[in-house]
Asker: 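I have a structure I would like to understand better, so I am pasting it below and will then ask my questions one at a time.
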Amino acid sequence: SVAADKDRVMVATYDGKLGDLVVVDATKPANQKLRVVDGIPGGVTATHDGGYRDGIEDAGPDVGAWTSIAMSDGRARVAYQDRDAGALKYAQESSRDHWSSYVVDAGNGEAVGAYASLAIDGDGNPAIAYIAVGNDDGMGHWVTELRLARASRKDPGEGDWSTTVIASAPGTCAACG
């Protein structure tokens with residue numbers, strides 16, 4: 001996923017080997033800056049100096065799938081799927097290269113966050129469309145849903161999101177954990 005404003009070009013990608021959410025500042029193509037925003041395991045000792053993972057070679061949680069990046073007020077925001085938890089997550093820059101992330105929709109036993117698509121509305125608030133797979137409708141059927149999570153403010157915290165089901169259809173549980 002790629003987003004730009006008047007000053008920066010930012011790319012969000014998934015490192016499928018290590019499971020990381022990686023953001024690249026590609027403003028200067030000859031000097032791209034890679035940063036792992038989520039996915040480096042805690043409590044692991046670096047084996048060497050440098051690299052975009054600061055010398056950590058071990059895989060961490062599998063958290064960076066289905067990335068979607070947007071720019072707002074000069075800062076990047078990313079929606080993505082935590083594959084291990086089957087959750088939709090959101091990361092945002094508080095200032096250049098300083099990131100925080102949290103879960104927007106943890107689901108209810110189903111896998112959520114696939115095909116995430118992040119947009120910033122006219123008020124500057126983020127909104128994320130995504131798929132939830134493997135919902136039990138209570139009658140023994142599996143349902144797939146298109147959901148929309150909307151934040152009530154520009155720099156939302158975990159409690160600033162509301163989620164709505166846009167569409168629901170019969171599905172399978174092929175992607176269920």
Side-chain angles (χ1 to χ4, degrees), residues 1-5 10-16 19-23 35-40 42 60-95 98-177:
S1 179
V2 63
D5 64 10
M10 301 294 288
V11 177
T13 189
Y14 170 57
D15 181 335
D20 297 339
L21 167 63
V22 179
V23 174
R35 178 175 186 83
V36 176
V37 172
D38 196 357
I40 293 180
D62 191 358
V63 296
W66 301 109
T67 64
S68 181
I69 192 167
M71 297 294 291
S72 179
D73 296 330
R75 293 174 288 146
R77 288 86 161 70
V78 182
Y80 60 104
Q81 184 187 50
D82 178 333
R83 285 191 153 174
D84 284 345
L88 174 70
K89 292 186 81 174
Y90 178 77
Q92 62 186 353
E93 279 185 308
S94 55
S95 61
H98 291 92
W99 290 84
S100 61
S101 64
Y102 55 84
V103 173
V104 172
D105 186 346
N108 192 22
E110 73 277 24
V112 301
Y115 302 98
S117 180
L118 173 65
I120 307 299
D121 72 14
D123 293 325
N125 302 339
I128 309 165
Y130 59 99
I131 298 291
V133 177
N135 302 301
D136 184 347
D137 70 356
M139 298 185 303
H141 303 107
W142 297 107
V143 176
T144 298
E145 295 175 342
L146 170 61
R147 294 181 184 172
L148 178 65
R150 294 190 69 149
S152 58
R153 28 186 247 134
K154 284 183 177 186
D155 295 315
E158 290 182 62
D160 296 321
W161 295 85
S162 60
T163 302
T164 305
V165 175
I166 301 295
S168 180
T172 69
C173 195
C176 299

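Only heavy atoms go into these numbers, but all of them, side chains included; no hydrogens, no water, no symmetry mates.
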Asker: Can you check whether Ser152's main-chain N or O pairs, donor with acceptor, with Asp160's side chain at less than 3.5 Å?
Answerer: no
Asker: Given Arg147, which of Val104, Leu88, Ile166, Asp105 fulfils the side-chain contact (heavy atoms from CB on, under 4.5 Å) condition?
Answerer: Asp105
Asker: Considering non-hydrogen atoms only, spot the tightest contact between Glu110 and Ala132 and give its length.
Answerer: CG-CB, 4.2 Å
Asker: Do you know the tightest heavy-atom contact between Pro126 and Arg153?
Answerer: CD-O, 3.5 Å
Asker: For Asp5 and Gly74, work out which heavy atoms get closest and say how close.
Answerer: OD2-CA, 3.3 Å
Asker: Does Val37 form a side chain to side chain contact (heavy atoms under 4.5 Å, CB included) with Val78? I'd like the steps, not just the answer.
Answerer: CA-CA 10 Å; Val37 172; Val78 182; over 6 Å; no
Asker: Under the side chain to side chain contact (heavy atoms under 4.5 Å, CB included) criterion, do Trp99 and Val36 qualify, and how do the steps go?
Answerer: CA-CA 10 Å; Trp99 290 84; Val36 176; over 6 Å; no
Asker: To check you understand the geometry: which heavy-atom pair defines the closest contact between Ala87 and Val103, and what is its length?
Answerer: CB-CG1, 4.1 Å
Asker: Check the pair Asn125 / Arg150 against side chain to side chain contact (heavy atoms under 4.5 Å, CB included), numbers first and verdict last.
Answerer: CA-CA 8 Å; Asn125 302 339; Arg150 294 190 69 149; over 6 Å; no
Asker: Is a side-chain donor or acceptor of Ser68 paired with a backbone partner of Leu118 at a separation under 3.5 angstrom?
Answerer: yes
Asker: Could you pull out all residues at least two apart from Asp155 that satisfy side-chain hydrogen bond (donor to acceptor under 3.5 Å, both in side chains)?
Answerer: Arg75, Arg77
Asker: Measuring from atom CG of Leu21 to atom CD of Gln81, what distance do you get when rounded to the nearest 0.5 angstrom?
Answerer: 12.0 Å
Asker: Rounded at 0.5 Å granularity, tell me how far CZ in Arg83 sits from NZ in Lys89.
Answerer: 14.5 Å
Asker: Tell me every residue that passes side-chain hydrogen bond (donor to acceptor under 3.5 Å, both in side chains) with Thr164, counting only those two or more places apart in sequence or in another chain.
Answerer: none
Asker: If the plane angle is over 60° it's perpendicular, under 30° parallel, otherwise tilted; pick one for Trp66 and Tyr115.
Answerer: tilted
Asker: Check Ser168 against Glu145 and note the closest heavy-atom contact, atom names and distance.
Answerer: OG-CG, 3.9 Å
Asker: In Å and rounded to the nearest 0.5 Å, what is the CG to CD1 distance from Asp73 to Ile120?
Answerer: 9.0 Å
Asker: Check the pair Val165, Leu146 against side chain to side chain contact (heavy atoms under 4.5 Å, CB included), reporting the backbone distance first and the verdict last.
Answerer: CA-CA 6 Å; Val165 175; Leu146 170 61; over 6 Å; no
Asker: For the pair Ser1 (side chain) and Ile69 (backbone), establish whether a donor and an acceptor sit closer than 3.5 Å, ignoring hydrogens and angles.
Answerer: yes
Asker: Assess whether a salt bridge exists between Glu93 and Arg35, defined as any Lys/Arg side-chain N lying under 4.0 Å from an Asp/Glu carboxylate O.
Answerer: no
Asker: Would you call Asp82 and Pro61 a side-chain contact if the rule is heavy atoms closer than 4.5 Å?
Answerer: no
Asker: Quick one: OG1 on Thr163 to CG on Leu148, what's the gap to the nearest 0.5 Å?
Answerer: 8.0 Å
Asker: Report the residue from Trp161, Tyr80, Tyr130 that forms a ring pair (Phe, Tyr, Trp, His ring centres under 6.0 Å) with Tyr90.
Answerer: Trp161
Asker: Mind checking whether Pro156 and Gln92 have side chains closer than 4.5 Å, heavy atoms only?
Answerer: yes
Asker: Between Asn135 (side chain only) and Val143 (backbone N and O only), is there a donor and an acceptor less than 3.5 Å apart?
Answerer: yes
